[in-house]
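Numbers restart at 1 for each chain; the letters A, B, ... are given by sequence-line order, proteins then strands.
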Amino acid sequence: MNPMINFKKEFAQLLSAQVDGQLTAEQIEIVLEKPKQPEHGDLAFPCFSLAKIFRQAPQKIAAELSEKISSPLFEKVEVAGGYVNVFFNKETAALDILKQVLSEQGEFGRSDAGTGGVMTIDMSSPNIAKPFSMGHLRSTVIGNSIALIAEKSGFKPFKINHLGDWGTQFGKLITAYKLWGSEEKVSQNPIKELLSLYVKFHEEAINNPSLEDDGRLWFKKLENGNEEAMELWTWFRDESLKEFTRIYDLLGIEFDSSAGEAFYNDKMDRVIDLIEEKGLLVESDDAKVVDLSDLELPPCLIKKSDGATLYATRDLAAALYRKENYNFVQSLYVVGNEQSLHFKQLIAVLDKMGYEWANTMKHIPFGMMLKDGKKMSTRKGKVILLEEVLAESIAMSAKNIQEKNPNLTNKDDVARMVGVGAVVFHDLKNYRLNDIEFSLEDMLRFEGETGPYIQYTYARACSILRKGNWDKSEIPAEFPLSWTEEWKVITALAEFPEAVKRAMDKYDPSQIAKYVIDLSREFNKYYAEVKILEPSEKKPARLALVSAVTMVVKEGLRLLGMEAPEEM
RNA sequence: GUCUCAGUAGCUCAGUAGGAUAGAGCAACAGUUUCCUAAACUGUAGGUCGGAGGUUCGAAUCCUCUCUGGGACGCCA
């Protein structure tokens, strides 16, 4: 239980008892707000809605209410404008919060809201034979963070890397390889060579449209198990996975399943049969579709005129497979914004098929990584490689360490944590749906609201604890403090559980990132203002506070998929 | 054309189940280290919240219209 909730509940109950039954404590709790200005206290009740009911000026109501509110939890109740503002008893509140954080440590903020239900998360899903681009980073880190937040919220996350290892693109690639490729070149530098073949295919296809037909033909052969096609496909796939694994290792991300699109090849007929059985399959221009016009959606294409399957068919098969094998209570798809229509159609088809669990599937869209204000296109070879960006970021971080802390023992490790952290945090700190204009300069900025800033805050706090010989298992029984300087840090700590809840409710890791920025800012101000290690009767309590900060910052970073170096 | 997402300080963004004086970071300028890591902190400057109506005691937040930009819209994924 979040300690702040006690204060909120107390205030709401006291108010409720004074309003002639016009508002319940629960209703009041919802409208209670945290004032923006610290001089307005810690919690405020706006009286405007009561003004109508009682036909009195809100200021007058507030004044009357304030006289009747008193509790040992509050040190002061004031009236300002139409608000009743209360100030918490800092000693009591601080003690409650610190004791809780220090005893729960990394468990602080955990909830059982998910009641152990399985949440599948379709994420990352890079395309085989294409480089791992900055675009895929978003799905990967957002999905990973949502999984961590879900676990903390009582779900059982199940991360699925739905590899793009099937589709017409492979027909195109095989065509291009047979025309212009060389085994030697591909072996030497697989991804780069395959990408340039893919790009060349699209360049040539502009003047030679029959290439597209060849591509489709080769894909058809692949679907029919043609030996040559299968051999090439397996080769391309293996080489790609090697590269992807290198990146996932760097990011510290693992999957519970890497069943890609090809995995569902033998599960397609059944889905199509099922759709047909329900009488949903309609023929249209030689293709098979499910009509969705009653929902004002374009029809969902199930089978092409040449009999080959499509993306939607595979996703339907995958949805069915996941429900049957994992029995999810929620199924998330962390996939770009531009595919919203596809997921609307997917859910609509499942709904029409009579699966009541269709509405437990959720598309978690995110904005695009833009280059010069435009979408990046693999076909035109306009991609930015994640691995190169990570390498630059790590190099930059190593350079900083060399300048600022040359005696650091595990330099390489820390450079990796900070370099990777900078890139991950940059991606997660803003609202998911915002487009991001790619800027290496922004990404490698290590000052201000950045990953390194948070990690630095953590390292500084750890340094103090080391010098103060703080034992983190020790929880002092009392803290003889007035808590004026530390009050903002303490309230920031108390807000962590709410940030986790918000992040879960909105499937939005940026809620955690923003929280961790706020907490770090408050701590850094405190650090600049108060000499924590200076001998004083307050020192043990201050160390306890610093210890609590390290625990929450570290846990916040963990939920974002980032590491926290104890020195940097 | 239809649908959809967005427009807040020079730049990047918070703030939206309506609430008090719209907040940060970067960039600019001025400071802070004999003292716990200056990847930090303090201060100055910077705004008709795209525009116009409307609802309301109260609107960046809700409704309508409008302008601008991104994206999607059947045989790619």
For residues 501-519 of chain A, which side-chain N or O atoms pair as donor and acceptor with protein atoms under 3.5 Å away, sequence neighbours left out?
unit_1 : atom_1 : unit_2 : atom_2 : d
A:K501 : NZ     : A:D505 : OD2    : 2.8
A:R502 : NE     : A:Q511 : OE1    : 2.9
A:Y507 : OH     : A:Q330 : OE1    : 2.4
A:D508 : OD1    : A:S510 : N      : 3.0
A:D508 : OD1    : A:S510 : OG     : 2.9
A:D508 : OD2    : A:S510 : OG     : 3.0
A:D508 : OD2    : A:Q511 : NE2    : 3.3
A:S510 : OG     : A:K514 : NZ     : 2.9
A:Y515 : OH     : A:A492 : O      : 2.7
A:D518 : OD1    : A:R521 : NH2    : 3.0

Could you pull out every donor-acceptor pair under 3.5 Å between side chains of residues 24-38 of chain A and any protein atom, sequence neighbours left out?
unit_1 : atom_1 : unit_2 : atom_2 : d
A:T24  : OG1    : A:E26  : N      : 3.4
A:T24  : OG1    : A:Q27  : N      : 3.1
A:T24  : OG1    : A:Q27  : OE1    : 3.4
A:Q27  : OE1    : A:T24  : N      : 2.8
A:K34  : NZ     : A:E495 : OE2    : 2.9

Under 3.5 Å, which protein N or O atoms sit close to an N or O of nucleotides 37-41 of chain B? Give each pair with its distance.
unit_1 : atom_1 : unit_2 : atom_2 : d
B:U37  : OP1    : A:S463 : OG     : 2.5
B:U37  : OP2    : A:K467 : NZ     : 2.5
B:U37  : O2'    : A:Y456 : OH     : 2.0
B:U37  : O2'    : A:R460 : NE     : 3.4
B:U37  : N3     : A:M568 : O      : 2.8
B:U37  : O4     : A:M568 : N      : 2.8
B:U37  : O4     : A:M568 : O      : 3.4
B:A38  : OP2    : A:R460 : NH2    : 2.6
B:A39  : OP2    : A:K404 : NZ     : 2.6
B:A40  : OP1    : A:G448 : N      : 2.9
B:A40  : O2'    : A:R460 : NH1    : 2.8
B:C41  : OP1    : A:Y453 : OH     : 2.7

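Here, B:C63 and B:U55 have their C1' atoms 7 Å apart, quoted to the whole Å. Distance check on atom C1': B:G51 versus B:A6 gives 16 Å, rounded to whole Å. On the P atoms, B:U61 is 10 Å away from B:C49, given to the nearest whole Å. Only the C1' atoms considered, B:G53 is 14 Å distant from B:A59, to the nearest whole Å.
Within 6.0 Å of the CG atom in A:D412, the count of heavy atoms belonging to other residues, nucleotides or ligands does not exceed 12. Within 6.0 Å of CD in A:E39 there are more than 12 heavy atoms belonging to other residues, nucleotides or ligands.
By the side chain to side chain donor-acceptor pair (under 3.5 Å) test, A:N208 is found to be paired with A:S210, residues two or more places apart in sequence or in another chain being considered. Partners of A:F201 according to the ring-ring contact (aromatic ring centres under 6.0 Å, His included) rule, which considers only residues two or more places apart in sequence or in another chain, do not exist here.
Of the charged side-chain nitrogens involved, at least one lies within less than 4.0 Å of a carboxylate oxygen, so that A:R542 and A:E486 count as a salt-bridged pair.
The CE-C1' distance, from A:M368 to B:A77, rounds to 15 Å in whole Å. The CG atom of A:N337 sits 20 Å away from the P atom of B:A77 (whole-angstrom rounding). For the pair A:Q345 CD and B:U4 C1', the interatomic distance rounds to 14 Å; values are reported in whole Å.
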Report task. Would you write the dot-bracket representation of RNA chain B, where each base gets (, ), [, ], | or . depending on whether it forms a Watson-Crick or G-U pair under 3.5 Å and with which partner? Result -> (((((((..((((.....[...)))).(((((.......))))).....(((((..]....))))))))))))....

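Of the candidate nucleotides B:C13, B:C73, B:G74, B:G74 has the atom nearest to the side chain of A:D285. Checked against B:C36, B:A77, B:C13, the side chain of A:K531 finds its nearest nucleotide in B:C36. The nucleotide whose nearest atom lies closest to any side-chain atom of A:L310 is, among B:U12, B:C73, B:C76, B:C76. Nearest to the side chain of A:Q511, among B:G15, B:A14, B:A77, sits B:G15.
Residue A:K514 is classed as a sugar-phosphate contact, given heavy-atom separations below 4.0 Å to backbone atoms only.
Evaluation of atom-type donor-acceptor distances gives a pair under 3.5 Å for the side chain of A:N85 against the base of B:A20.
One finds a side-chain N or O of A:K36 lying less than 4.0 angstrom from the OP1 or OP2 phosphate oxygen of B:A20. Taking side-chain N and O atoms only, A:R445 has no distance below 4.0 Å to OP1 or OP2 of B:U12. Phosphate contact (OP1/OP2 of B:U12, side-chain N/O of A:N434, threshold under 4.0 Å): absent. For B:U56, neither phosphate oxygen OP1 nor OP2 lies less than 4.0 angstrom from any side-chain nitrogen or oxygen of A:K52.
Mapping A:H40 and A:E338 onto RNA chain B by nearest heavy atom places A:H40 closer to the 5' end of the strand.
How far CG of A:L533 is from CG of A:L543: 6.0 Å, rounded to the nearest 0.5 Å.
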**Report entry** Intermediate values then yes/no, salt bridge (Lys or Arg N to Asp or Glu O under 4.0 Å), A:E563 and A:R416
**Finding:** CA-CA 10 Å; A:E563 291 180 81; A:R416 180 185 50 79; 3.0 Å; yes

